[in-house]
There are 2 protein chains.
Amino acid sequence: MARTAAGRRPAAKPRRRSAADRRRQVVAAARRIVLREGFEALTMRRVAALAGVSAAALYLYFPDRLSLMAAVADDLFEGLLAAMRAAVARAEGDPDPRARLHAVMTAYLDWGLTHPDEYRVIFMTPITGVAGHQPGEPGVPAAPTGQATFAALQAEVARLIALGVFRPAEPQVVAEAIWAAGHGLVSLLITKPGFPWSPRDRLIGTLADALCRGFSAG
Amino acid sequence: MARTAAGRRPAAKPRRRSAADRRRQVVAAARRIVLREGFEALTMRRVAALAGVSAAALYLYFPDRLSLMAAVADDLFEGLLAAMRAAVARAEGDPDPRARLHAVMTAYLDWGLTHPDEYRVIFMTPITGVAGHQPGEPGVPAAPTGQATFAALQAEVARLIALGVFRPAEPQVVAEAIWAAGHGLVSLLITKPGFPWSPRDRLIGTLADALCRGFSAG
DNA sequence: CGTTCAGATGAACGACGTTCATATACCGGC
DNA sequence: GCCGGTATATGAACGTCGTTCATCTGAACG
């Protein structure tokens, strides 16, 4: 009953707001919650309240909470993708081809560490029923923006291999390994802040250098 | 009201079990739940029921749910530590010093992938209030067994550096990077089972080889 | 104007973590 | 042997969560 005046029904052109628009509006509200109140506040009731809808209405657009979070993740992915693209563009003219990969990696790590709540939504949201889950049958549909982000990394790796800078290998596997290593660093720093970590800069540099060296030819 | 006959009050010798024993009993019940019903079932009420106590009684031994989970994590850590020790012992006589590290790494990865629920308790339990958390001020006390596990990895790295197999570096940083990379692989495979991953064996081998090569001298 | 029907709602359900007044069982002092 | 004090455990309760459902509403169509 809170703000029905604005939210209940847009009087004039009522059905001009399609279901897809409503969906977007809900996702936008959810994103605002993550940004302003953090990961823990990402709740169906909270999202509904901020979107000016009842909690039950969310289930008209998303079958359950995990699907909503998947949509939010896809939305938040754009921030990460933009940061990585910007880093690549910045390193565009660098003569060392490795610098591009290094830029992509550090951009990923920096973004994750400066946006921990968003990172948790995107990459650390647990999947229900891990034990009985079948790989290859996604419980939640994959996010297109996320696929684009991984594709960018994979393309970067493929280029390095084609140039002979990296030793011959399947770009897919190498990209997955690099992604996993970076994700491990970010997620561990987020999940275990009490561990006596070495300085972050040193940690990031050590891991990025080791991976570059490890995949390099020669 | 279910099984009060057996659980409500142990009539005969109630106080012969000291507080520490009670704590252990609760942790044992929690571990059984993780093993038999999975991570999602690790609930205060469920643990209490299996331990034959009321839910409120848990708060006599643990200030909150996260502290209970920390104790469970320390308990589960022994399984991982044993697996890693066994792998090291198996590779004891190998002439290649890198083989020991390789054994430790693959033991870690294998254990995590074959015990996803336990792995989630140990390494993927989210910390409350990430946003405002101060690194260095642990929200939950560190698990001694966990420290021992990391120390084993660090010692392995230090030995490789001392032997000149690895290039000179601080063992602490290198061990952290290796741990992070391995954790990333395990946690991503657990959290994103829908992603079109390369075969696990190939993934594990690629990452382990790249890290070994990346930190090696020469 | 009357009917139909998708869209939205409030209330409710069961489960969760956590708290609290209450009751019980033990233990030292008489 | 009894008694009061104290630690220990409890059931009930609070507020919140995800989710479901009968009900209502208001636009669209004849």
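In what follows, chains carry the letters A, B, and so on, assigned in the order in which the sequence lines appear, proteins first and then strands, with residues in each chain numbered from 1. FYI, side chains are in, hydrogens and waters are out, and symmetry mates aren't considered; it's all heavy atoms of this structure. Not measured: the values here are computed from a predicted model.
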Measure [atom1]/[X] against [atom2]/[N] and give the value in whole Å, please.
X     : N      : atom1 : atom2 : value
B:L60 : C:dT19 : CG    : C1'   : 12 Å
A:F62 : C:dA8  : CZ    : P     : 13 Å
A:Q25 : C:dG7  : CD    : P     : 15 Å
A:L58 : D:dC17 : CG    : C1'   : 13 Å
B:M69 : C:dC16 : CE    : P     : 14 Å
A:E40 : D:dC17 : CD    : C1'   : 13 Å
B:L68 : C:dC16 : CG    : P     : 14 Å
A:L42 : D:dC17 : CG    : P     : 11 Å

Any side-chain N or O of [X] under 4.0 Å from OP1/OP2 of [N]?
X     : N      : value
B:T43 : C:dC16 : yes
A:Y61 : C:dA8  : yes
A:R22 : C:dA8  : yes
B:Y59 : D:dT8  : no
B:R45 : C:dG14 : no

**Study point:** Nucleotide nearest B:D64 (side chain, heavy atoms from C-beta), chosen from D:dA9, C:dT18, C:dC16
**Key:**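 The closest nucleotide is C:dT18.
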**Study point:** Ring-face cation contact, A:F39 with A:R120, 6.0 Å cut, 45° max
**Key:**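 Judged by the rule, A:R120 and A:F39 form a cation-pi pair.
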Acceptor/donor pairs from residues 179-186 of chain B side chains to any protein atom, 3.5 angstrom cut, sequence neighbours excluded:
{"residue": "B:W179", "atom": "NE1", "partner": "B:Y108", "partner atom": "OH", "Å": "3.0"}
{"residue": "B:H183", "atom": "ND1", "partner": "B:Y119", "partner atom": "OH", "Å": "2.7"}
{"residue": "B:H183", "atom": "NE2", "partner": "A:S187", "partner atom": "OG", "Å": "3.3"}

Check your understanding: Any idea which heavy atoms bring B:A91 and B:A103 closest together, and the distance?
Key ->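 In this case the closest contact between B:A91 and B:A103 is CB-CB, 3.9 Å.
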Point to revise | B:A56 or A:M44, whichever maps to the more 5' nucleotide of DNA chain D | key: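 Looking at DNA chain D, the more 5' nearest nucleotide goes with B:A56.
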Review point. Is atom CZ of A:R85 surrounded by more than 12 heavy atoms (other residues, nucleotides or ligands) closer than 6.0 Å?
Key: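 Count not over threshold, so no.
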Exercise for review: Compute the ring centroids of B:F77 and B:F150, then answer whether they are less than 6.0 Å apart.
Suggested key: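 No, too far apart.
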